[in-house]
Amino acid sequence: MSQNNTNHTNRLKLATVGTLTNVKVSVPGTSIRLAGILQSTNHSARRLGIICHGILGHKNYLFQPAVANLLAPYMDTFRFDFRGNGDSEGEMGYSNWDDDQADLDAVIKHFEREGYYIYALIGHSRGAISTLRYAGVSNHVPMIPYLVSLSCRYDMSHVIHKHGPEQMALLEKQGYFDWNARVKGKDITLKVSKQDMNNFLNFDSTAISNIPSMTNILLCHGAADTVVPVKDICGLQKHLSHANTSPRIISDADHNYKNHFDEVSQIVADYFSAAGRKEDWARRIFPNWKTWVHAVGGVLNFRTVGDIWIPSTQDGTVSYLRPGFIYRCADISKPTPEGVKVLQALNITDAFDLRSTPETERRGTFESDEIKRHHTPVFSEEDYSPAQLAVRFSMYMGGTDGFAKAYMSMLPNVRQFLPPILDHIVNKRTPFIVHCTAGKDRTGVVCALLLMICGVDEEQIAWEYELTSRCMAIKEEDVKFLKMAIGGESSDSQVRGILSAHESFMTRFLEEFHIKYGTIEDFLTKELDMTMEQIDTVRNALLVKIPVPRALL
């Protein structure tokens, strides 16, 4: 949790990023139109984050414009006024939860009709309650992948302390009290009746338990919040433990983050940055990865490629790339007896060896009665001549662009290494291994192609590729061999750089892939003469399609 003792001030007054457009959204079944501001930078992905204010708030309240501005590099945003608030039509209410849901649903459907993918719901205080509730009960399709909850109330009974004993006494005596407040520079009075209070107190906070388990949720709270006790974040976490939840506590911050606008806005922006998304992904993946990586004695860089959710945009399901089907690793030629037992226990029936003949002769091969080896070299023997090796390894010394160039050089040979793997996936459908020498480059390209077929987000493909860098799969004999192959005065650090794996290498390769070949479907139809039906057959063999998992149904 964030514990920053610096007394930040509200100084985020940055130049507007992108364009601001005033938008009116009609609420179906009513004459109400909601006012909001669309901040757009024309992202090709058409991702939209919807920002919701708290009670008595509005679209430009507190830190909301700053949040929208800092999110501009990652998504377009729409911040709007709930009915009766700010510039929206209709009547403001104290506990009109259903109205909030109708307003939010109207906004979501409006922008979906405009071609947007609802990427995130971001709410402060009451807006946080409403967005979490929407994610839990709406069964929205496709699943909304990100939720941000700022100063969200969980224990509704504490609202009584917010108003104080005098107002509670008036409520009992005359059946209502007047809540005087200042909204958008104007003094207003909101009548709160017993029914309003009862509706608030009886709000079912546990509905958030229905939020899909694949949802990424940021919970943020001020340590000095006297409106909603900071302990409420614990209640939220309890009912969101099934999801990917990240809590943040800001020291000295109150309910509205006074003097902390910059800090809370930056926390939200960092959460959506590439580094932030990768951090959350790693938090989910590493425990499982650590279990696999040393599981097979004598085999380095071993792991399963799977346990990935792929939301559907068509129906109320998700596709799940099941683990325990595709495995990847480095050279498998010398597993220990215990390692062989593990391979057998995993029911692995086939191993696809991407190495060239000279490599297999130098390092050996592995095959058993239970595991059949298929020699599917990415490069021909001619490609392993001293001259060709020097050319290829010189590419790797060219940094990110060099790695991408080297990976692209594999694809003209795709007919000799990919079809046998696809045939196994479709017809045999048993667990299998793909490997080369280090389990990084050739194996990385093959696994990337398989993940692309499945529709896995390419950001995750790059992160999965980079896991190799944590496996310590570099052997001294490989360093010596590469130095001899490259020739010249290459240093050990340069050679180790060739044996490294960074997400940027894979990201750049995927960019070059799309420039040359288009989509993965374009590539397979052109380079392997596959039909769309055959591609779907491969995809369906790799994926399991299931209803959106929820904690409670």
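Just so you know, residue 1 is the first one in the sequence shown, and it goes up from there. Because the structure is a prediction, the values reported are computed rather than measured.
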With a 4.5 Å cut-off on side-chain heavy atoms, are [Y] and [X] touching?
X    : Y    : result
T131 : L104 : yes
Q167 : L171 : no
L38  : L48  : yes
V342 : F302 : no
Q101 : S130 : yes
D76  : Y119 : no
I37  : V23  : no
L218 : I267 : yes

Does a side-chain N-to-carboxylate-O contact under 4.0 Å join [X] and [Y]?
X    : Y    : result
R328 : E464 : yes
D457 : R47  : yes
R133 : D98  : yes
K109 : E112 : no
R83  : D99  : yes
D81  : K59  : yes
E466 : K278 : yes

Nearest 0.5 Å, what's the [atom1]-[atom2] distance between [X] and [Y]?
X    : Y    : atom1 : atom2 : answer
M75  : S40  : CE    : OG    : 13.0 Å
S138 : I144 : OG    : CD1   : 6.0 Å
M506 : E459 : CE    : CD    : 14.0 Å
C152 : L147 : SG    : CG    : 10.5 Å
N540 : I453 : CG    : CD1   : 12.0 Å

Worksheet item: Given the rule in the side chain to side chain contact (heavy atoms under 4.5 Å, CB included) test, do L71 and Q39 qualify, once you have shown the distances and angles that lead to the verdict?
Response: CA-CA 10 Å; L71 289 178; Q39 185 159 350; over 6 Å; no
Worksheet item: What's the verdict on side chain to side chain contact (heavy atoms under 4.5 Å, CB included) for F203 and R153, showing C-alpha distance, side-chain angles and the deciding distance?
Response: CA-CA 11 Å; F203 179 86; R153 188 181 297 279; over 6 Å; no
Is [X] positioned over the aromatic face of [Y], cation under 6.0 angstrom from the ring centre and no more than 45 degrees off axis?
X    : Y    : answer
K191 : Y176 : yes
R322 : F325 : yes
R126 : W97  : yes
R46  : Y117 : no

What closest approach, in Å, do [X] and [Y] show between heavy atoms, and which atom pair accounts for it?
X    : Y    : answer
K440 : N301 : N-ND2, 4.4 Å
M452 : I520 : O-CG2, 3.7 Å
Q237 : T245 : CG-CG2, 4.5 Å
A223 : S251 : CB-CA, 4.0 Å
L201 : M156 : CD2-O, 3.4 Å
H502 : Y465 : O-CE2, 3.2 Å

Worksheet item: Taking atom NZ of K231 as the centre, does the number of heavy atoms from other residues, nucleotides or ligands within less than 6.0 Å exceed 12?
Response: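 Atom NZ in K231 is crowded, with more than 12 foreign heavy atoms closer than 6.0 Å.
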Item to complete: Look at atom CD of E91 and say whether more than 12 heavy atoms of other residues, nucleotides or ligands are closer to it than 6.0 Å.
Response: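 Counting other residues, nucleotides and ligands, CD of E91 stays at 12 neighbours or fewer.
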Can you classify the ring geometry of [X] versus [Y] as parallel (below 30°), tilted (30 to 60°) or perpendicular (above 60°)?
X    : Y    : answer
H140 : Y134 : tilted
H53  : F82  : perpendicular
F111 : Y116 : perpendicular
Y146 : Y271 : perpendicular

Item to complete: Quick one: do Y154 and I129 satisfy side chain to side chain contact (heavy atoms under 4.5 Å, CB included)? Show the steps, please.
Response: CA-CA 8 Å; Y154 175 76; I129 298 172; over 6 Å; no
Counting distance only, does the side-chain N/O of [X] pair as donor-acceptor with the main-chain N or O of [Y] below 3.5 Å?
X    : Y    : answer
H221 : V228 : yes
D103 : L34  : no
T41  : A72  : yes
E89  : R33  : yes

Under a 3.5 Å cutoff, is there a donor and acceptor pairing between the side chains of [X] and [Y]?
X    : Y    : answer
H514 : E458 : yes
D280 : N216 : no
T206 : H239 : no
Y257 : S265 : no

Worksheet item: Could you walk me through whether F177 and S193 pass the side chain to side chain contact (heavy atoms under 4.5 Å, CB included) check?
Response: CA-CA 7 Å; F177 67 84; S193 68; over 6 Å; no
Worksheet item: Is the centre of the H124 ring less than 6.0 Å from the centre of the F63 ring?
Response: yes
Worksheet item: Do the ring centers of H110 and F78 come within less than 6.0 Å of each other?
Response: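 No, the ring centres sit 6.0 Å or more apart.
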